[in-house]
Novice: 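What follows is a single structure, and I will ask about it in a moment.
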Amino acid sequence: MFVSAIGSPTYNLARHLTSLLSPFVGRCDHHVKNSADFVKTLKTIRIEEQDILVSFDVISLFTRVPISYTLKLLEARFDQKTVHLFQHVLSSTYFLYQGKFYEQKEGVPMGSPLSPAIANLFIEDFEERALESAPLHPKHFFGYVDDTFIVWPHGSESLTDFLAHMNSVHPNIKFTMETEKDNRLPFLDILIEQRADGSRGHSVYRKPTHTDLYLNGRSHHHPAQWSVENSHPPSQSCL
């Protein structure tokens, strides 16, 4: 279910706090900005025949972000008054659905512009702690919010142990795992292919549930996301 926070009492404050937090996220070495950035990175890494391509996916990340722990991460970066504003937005999780009011009990508020930045802040800290304490380390590890691409050089049995380790770091965070099939592995909207000559290729990946439906150009989404089927971009008054 999608919940929009546009027009809510904390919406403008959440946007302001997002601008303050943005410089502190996406700075770790294994962060992926987007699909295009990942394709560039993929061209620079070496994958051997024995390496296993793997993707990890966090189960329901936004609703599982531990707020109390994340506030401690914010305290290390901001003064107490600013942290209090973060806490106010993150604890304002009431929403209206089909004429009734509800409260989201766990995680970051769905629909808030602050939530993706908060989720990034937490998961980047989580990944660094998980990698530091892992008995065996991936050859390559790249993450985009709740999606992770891994090149694993230690064999399939130890890969299962690594998944168990990742799932033991924090009780809220659990991963599912997908390994390559027929030398192919999807990550984000990219299908990575290991070719017979040892080289790698990639193509656009569409999930089986993809419907070819696009966002209405006059919705509240960013102009970069509006549908190619619209002949005119959305007006500024609609954003």
Side-chain angles (χ1 to χ4, degrees), residues 1-34 56-133 142-148 166-176 188 215 219-222 224-225 238-239:
M1 180 181 65
F2 175 77
V3 179
S4 175
I6 295 173
S8 66
T10 60
Y11 180 74
N12 288 333
L13 176 59
R15 290 186 63 182
H16 172 66
L17 293 175
T18 301
S19 68
L20 297 182
L21 182 57
S22 293
F24 294 96
V25 298
R27 301 176 64 178
C28 58
D29 294 337
H30 57 262
H31 174 74
V32 174
K33 295 179 181 179
N34 49 43
F56 282 6
D57 181 35
V58 182
I59 301 173
S60 303
L61 173 61
F62 276 42
T63 59
R64 303 301 292 166
V65 173
I67 299 302
S68 58
Y69 180 86
T70 307
L71 286 172
K72 294 179 181 179
L73 298 178
L74 293 169
E75 288 173 355
R77 295 163 172 81
F78 299 97
D79 61 82
Q80 193 58 43
K81 290 184 178 180
T82 305
V83 173
H84 179 73
L85 294 176
F86 277 104
Q87 184 177 12
H88 175 63
V89 172
L90 294 175
S91 61
S92 300
T93 57
Y94 295 95
F95 61 92
L96 180 66
Y97 178 67
Q98 293 185 346
K100 294 182 179 181
F101 284 96
Y102 297 86
E103 181 185 9
Q104 183 181 324
K105 293 291 188 179
E106 297 181 344
V108 292
M110 300 300 291
S112 171
L114 179 60
S115 296
I118 291 291
N120 265 317
L121 178 70
F122 167 74
I123 201 65
E124 288 176 7
D125 174 83
F126 172 93
E127 290 169 346
E128 289 180 2
R129 290 187 294 114
L131 290 173
E132 286 177 0
S133 58
F142 301 106
Y144 180 82
V145 194
D146 57 350
D147 292 317
T148 306
M166 296 292 288
N167 284 337
S168 70
V169 175
H170 194 285
N172 281 29
I173 304 302
K174 303 299 178 184
F175 291 85
T176 59
L188 303 181
L215 296 172
S219 71
H220 282 286
H221 288 76
H222 190 277
Q225 299 173 317
C238 295
L239 301 179

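This one's a predicted model, so the numbers in the text were calculated from it and none came from an experiment.
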Novice: Please check: side-chain N/O of Ser115 versus main-chain N/O of Pro109, any donor-acceptor pairing under 3.5 Å?
Specialist: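 Checking the backbone N and O of Pro109 against the side chain of Ser115, a donor-acceptor pair under 3.5 Å is found.
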Novice: Side chain to side chain contact (heavy atoms under 4.5 Å, CB included) for Ile118 and Thr18? Distances and angles first, verdict last.
Specialist: CA-CA 8 Å; Ile118 291 291; Thr18 301; over 6 Å; no
Novice: What verdict does the side chain to side chain contact (heavy atoms under 4.5 Å, CB included) test give for Val145 and Phe62, after you've listed the backbone C-alpha separation in whole Å, the side-chain angles of each residue and the deciding distance to 0.1 Å?
Specialist: CA-CA 10 Å; Val145 194; Phe62 276 42; 4.1 Å; yes
Novice: Going by side chain to side chain donor-acceptor pair (under 3.5 Å), name the residues that satisfy it together with Asp125, two or more places apart in sequence or in a different chain.
Specialist: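 Only Tyr69, Arg129 meet the side chain to side chain donor-acceptor pair (under 3.5 Å) criterion with Asp125.
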Novice: Any chance you could measure Phe175, atom CZ, to Leu61, atom CG, to the nearest 0.5 Å?
Specialist: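 If I round to the nearest 0.5 Å, the distance is 8.5 Å.
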Novice: To the nearest 0.5 Å, what is the distance between CE (Met110) and CD (Gln104)?
Specialist: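 Between atom CE of Met110 and atom CD of Gln104 there are 6.5 Å.
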Novice: Please determine whether the number of non-hydrogen atoms from other residues, nucleotides or ligands lying under 6.0 Å from atom OH of Tyr144 exceeds 12.
Specialist: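 12 or below, so no.
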Novice: Verify the neighbour count for atom CG of Asn34: are there more than 12 heavy atoms of other residues, nucleotides or ligands below 6.0 Å?
Specialist: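 Result for CG/Asn34: enclosed.
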Novice: Are His16 and Leu85 packed together at the side-chain level, in the sense that at least one heavy-atom pair is separated by less than 4.5 angstrom?
Specialist: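 No, too far: nothing below the 4.5 Å cut-off.
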Novice: Compare every heavy atom of Asn167 with every heavy atom of Lys174, then report the nearest pair and how far apart it is.
Specialist: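 Shortest heavy-atom separation between Lys174 and Asn167 comes out as NZ-O, 2.6 Å.
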Novice: Looking only at heavy atoms, which two atoms of Met166 and Phe126 are closest? And how far apart?
Specialist: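 Heavy atoms of Met166 and Phe126 come nearest at O-CZ, 3.4 Å.
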Novice: Just so I know, are the side chains of Val32 and Asp147 near enough to count as touching, which here means a heavy-atom distance under 4.5 Å?
Specialist: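 When only atoms from C-beta onward are counted, Asp147 and Val32 do not touch, as no gap falls below 4.5 Å.
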Novice: With a 4.5 Å limit on heavy-atom distance, are the side chains of Glu103 and Thr93 in contact?
Specialist: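 Yes; the side chains approach each other to less than 4.5 Å.
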Novice: Evaluate the side-chain proximity of Leu21 to Leu74: yes if any heavy-atom separation is below 4.5 Å, no if none is.
Specialist: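 Yes, close enough: below the 4.5 Å cut-off.
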Novice: What I'd like to find out is whether the side chain of Leu73 reaches to under 4.5 Å of the side chain of Phe24, using heavy atoms alone.
Specialist: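 A side-chain contact under 4.5 Å is absent here.
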Novice: Enumerate the salt bridge (Lys or Arg N to Asp or Glu O under 4.0 Å) contacts for residues 76-85, please, sequence neighbours excluded, ordered by first and then second residue.
Specialist: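 Every pair satisfying salt bridge (Lys or Arg N to Asp or Glu O under 4.0 Å) with a residue in residues 76-85: there are none.
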Novice: When you look at OH of Tyr94, are more than 12 heavy atoms from neighbouring residues, nucleotides or ligands closer to it than 6.0 Å?
Specialist: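 No, not enclosed.
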Novice: Mind running side chain to side chain contact (heavy atoms under 4.5 Å, CB included) on Asp57 and Asp146 for me, showing each step along the way?
Specialist: CA-CA 6 Å; Asp57 181 35; Asp146 57 350; 3.9 Å; yes
Novice: Flag the pair Thr70 / Val108 as yes when at least one side-chain heavy-atom distance between them is below 4.5 Å, and no otherwise.
Specialist: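 Contact flag for Thr70/Val108 side chains = no.
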Novice: Flag the pair Arg64 / Val58 as yes when at least one side-chain heavy-atom distance between them is below 4.5 Å, and no otherwise.
Specialist: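 Of all side-chain heavy-atom pairs linking Val58 with Arg64, none is under 4.5 Å.
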